[in-house]
Trainee: 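Okay, here's the structure, questions in a sec.
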Number of protein chains: 2
Amino acid sequence: MAKDSGDGLPPGVETAWGLRERPGKGPRPGLSVSRIVGAATELAAAEGIAAVSMARVATALGVSTMSLYRYVASKEELLILMEDTASGPPPQGPAPEEEGWRAALAHWARSHREVLHRNLWMLRIPVSSPPTTPNSVAWMERGLACLRGTGLEEGEKVQVILLVSGFVRNEATLMADIEAAARASGRSTAETMASYTRLLDRLTDPERFPAVTALLASGAMDGTEGPDDDFAFGLERLLDGVEALVRTRSGTGR
Amino acid sequence: MAKDSGDGLPPGVETAWGLRERPGKGPRPGLSVSRIVGAATELAAAEGIAAVSMARVATALGVSTMSLYRYVASKEELLILMEDTASGPPPQGPAPEEEGWRAALAHWARSHREVLHRNLWMLRIPVSSPPTTPNSVAWMERGLACLRGTGLEEGEKVQVILLVSGFVRNEATLMADIEAAARASGRSTAETMASYTRLLDRLTDPERFPAVTALLASGAMDGTEGPDDDFAFGLERLLDGVEALVRTRSGTGR
DNA sequence: CGCTTCTGCGTATGACATACACGCTATTGC
DNA sequence: GCAATAGCGTGTATGTCATACGCAGAAGCG
């Protein structure tokens with residue numbers, strides 16, 4: 001009865017939290033969750049998330065497909081575990097007391113972005129359930145910690161964190177999409193953008209789409225701004241918005 | 001030679017733009033792109049995007065699976081067209097000259113949200129290419145138009161629009177995920193949230209996760225705030241951030 | 001009329017997640 | 001020592017999916 005450690009947490013996730021002792025009954029396991037996750041991640045990094053099928057992961061490990069199900073309840077669980085290990089623990093970063101919440105949160109956001117950048121396949125995993133894996137909770141923890149001393153209510157802090165992480169994810173996805181489209185067509189990202197603007201230019205009647213036409217004419221879409229600038233721009237806007245809120249509260253603002 | 005209207009625009013998308021005349025040669029088509037899209041959308045609304053397979057759409061229309069490929073080059077194209085028709089044309093909304101860019105952009109964002117809310121399946125479609133369908137360009141047009149008179153550069157306007165639409169999409173996805181999880185477990189969203197916080201509470205050691213522990217203790221996760229409040233909160237932050245930028249420019253700020 | 005072109009469709013291919021049942025293995029209680 | 005037991009690896013099977021290919025008939029063109 002008390003074997004299961006509580007609410008319906010998937011077995012692999014329980015392993016990740018260090019719960020679930022191995023009851024050394026049957027034959028010794030020839031595999032491990034982490035080996036499976038490792039192989040799957042390698043596959044995803046090399047050929048994209050679409051290449052991650054139970055069959056291919058199994059052959060990469062030299063076992064049969066069905067063996068994996070002894071360690072992982074479903075493919076979805078495998079993906080969640082991949083995400084958790086790829087995220088890794090959050091970085092230390094500057095403490096909000098020393099350099100202010102803004103620097104701390106900006107560092108957190110940039111670290112988050114780097115993780116996604118290094119593991120672009122993460123962006124293609126459909127989100128299905130709220131985060132319950134150790135590292136994702138740890139990231140949440142660090143994000144919240146950035147907002148110590150701002151005077152924000154706890155609920156507001158979560159919202160801010162969700163706002164920032166959503167932005168990071170979004171920005172990274174946009175960039176990854178462009179790069180993926182470029183790679184698919186065998187051209188550079190700049191060429192891809194250029195052909196896209198040319199297409200838009202051909203499609204948009206200046207009368208029906210004056211603002212788009214003006215945008216295209218301005219040359220702003222010619223890709224002189226790199227993705228790093230885009231990210232920095234969005235993050236500054238976001239943090240400005242948060243700062244406006246923080247200033248209305250009793251925090252020091254430091 | 002000059003039959004194809006230019007760069008590699010998918011045939012169904014060309015139809016959506018009104019290009020591509022029917023060369024009345026063969027037998028009259030018994031189907032149409034819009035009928036296919038309609039059936040697929042009904043299916044998605046009723047059973048989620050996962051239920052949309054070429055086979056099921058075809059049977060819903062009383063034709064064979066392969067017939068669909070006479071109208072649509074691939075399933076991906078079908079999804080794009082579904083998205084376009086479900087979005088519909090953007091709303092008129094207040095002109096920035098009358099009520100200010102902020103009210104205009106807020107209205108744009110809310111309308112965007114309503115579309116997603118009415119068609120939750122849209123959130124599950126993997127984004128693959130930059131928007132080239134008529135309605136998506138029209139939405140972009142209206143978004144840009146909201147920023148008339150702000151003094152922002154064209155490039156900045158796109159970034160702001162991308163920022164806001166990313167936020168809307170993100171917020172809607174978060175909410176849809178919770179609702180989906182609730183429906184899957186047969187409980188209400190409030191119960192689902194409660195069981196989630198209980199789970200987190202059990203997992204998080206107060207020493208390792210002080211901020212999360214404080215959050216849980218504060219009762220802020222007890223779901224008294226509805227999703228509408230969350231959305232309004234995030235949007236205000238975002239617009240505050242944009243406003244900070246606008247104020248540094250020569251625009252009237254009106 | 002004959003030619004071209006487009007239609008709908010049947011069949012086939014190869015990939016996929018996963019249920020199920022079997023035989024085997026290490027440990028535990030006796 | 002020994003049997004019961006639980007965990008392990010795997011083979012086979014099922015049902016679903018997107019889509020390539022080729023055929024037969026229809027509609028318009030000359």
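The figures here come from the full heavy-atom set of this structure, side chains too, leaving out hydrogens, waters and symmetry mates. Letters A, B, ... mirror the listed sequences (proteins, then strands); counts begin at 1.
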Trainee: Expressed as a whole number of angstroms, how long is the span from Arg28(A):CZ to dG9(D):C1'?
Mentor: 16 Å
Trainee: For Leu31(B) and dC6(C), give me the distance from atom CG to atom P, rounded to whole Å.
Mentor: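 That distance rounds to 17 Å.
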Trainee: For a quick test of reading the model, state the closest non-hydrogen atom pair linking Ile49(A) to Ile125(A) and the distance between them.
Mentor: CD1-CG1, 3.9 Å
Trainee: Would you say dA26(C) has OP1 or OP2 under 4.0 Å from some side-chain N or O of Lys25(A)?
Mentor: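 For dA26(C), neither OP1 nor OP2 has a side-chain N or O of Lys25(A) closer than 4.0 Å.
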Trainee: Take atom NZ of Lys75(B) and atom P of dA20(D), then tell me their distance rounded to the nearest Å.
Mentor: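 After rounding, the gap between these two atoms is 15 Å.
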Trainee: So what does Ser74(B) hit on the nucleic acid, given a heavy-atom distance under 4.0 Å: a base, only sugar-phosphate, or nothing?
Mentor: sugar-phosphate
Trainee: Given dC9(C), is OP1 or OP2 found less than 4.0 Å from the side-chain N or O atoms of Arg70(B)?
Mentor: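 For Arg70(B), the contact criterion (side-chain N or O under 4.0 Å from OP1 or OP2 of dC9(C)) is not met.
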Trainee: Identify the two heavy atoms, one from Val164(A) and one from Ala109(A), that lie closest to each other, and give their separation to 0.1 Å.
Mentor: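 Smallest heavy-atom distance, with atoms named: CG1-CB, 3.8 Å.
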Trainee: Relative to the 5' end of DNA chain D, which residue comes earlier, Tyr71(A) or Met66(B), by the nucleotide with the nearest heavy atom?
Mentor: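 Per heavy-atom nearest nucleotide, the more 5' residue is Tyr71(A).
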Trainee: Using the side-chain heavy atoms of Val63(A), tell me which of these nucleotides is nearest: dA18(D), dT10(D), dC8(D).
Mentor: dT10(D)
Trainee: For the pair made of CD in Glu77(B) and P in dT19(D), what is the distance, rounded to whole Å?
Mentor: 11 Å
Trainee: So, does Ser64(A) get its side chain near the phosphate of dT10(D), meaning an N or O under 4.0 Å from OP1 or OP2?
Mentor: yes
Trainee: Return the value, rounded to whole Å, for the distance between atom CG of Leu79(B) and atom C1' of dA18(D).
Mentor: 12 Å
Trainee: Rounded to the nearest Å, what distance is computed from the OH atom of residue Tyr69(B) to the C1' atom of nucleotide dA20(D)?
Mentor: 10 Å
Trainee: Return yes if some donor-acceptor pair links the side-chain N/O of Trp139(B) with the main-chain N/O of His112(B) below 3.5 Å, else return no.
Mentor: no
Trainee: On DNA chain C, compare the nucleotides closest to Met54(A) and Ser67(B); which residue's is nearer the 5' end?
Mentor: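 Final value for this comparison: Ser67(B).
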Trainee: Given atom CD1 of Ile36(A) and atom C1' of dC8(D), what is their separation to the nearest angstrom?
Mentor: 12 Å
Trainee: Under 4.0 Å between a side-chain N/O of Ser53(A) and OP1 or OP2 of dC16(C), yes or no?
Mentor: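 For Ser53(A), the contact criterion (side-chain N or O under 4.0 Å from OP1 or OP2 of dC16(C)) is met.
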Trainee: What integer distance in Å separates Ile49(B):CD1 from dT16(D):P?
Mentor: 19 Å
Trainee: Could you tell me whether a side-chain N or O of Tyr71(B) sits under 3.5 Å from a main-chain N or O of Leu31(B), the two making a donor and an acceptor?
Mentor: yes
Trainee: Check Val137(B) against Pro131(B) and note the closest heavy-atom contact, atom names and distance.
Mentor: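 Smallest heavy-atom distance, with atoms named: CG2-O, 4.2 Å.
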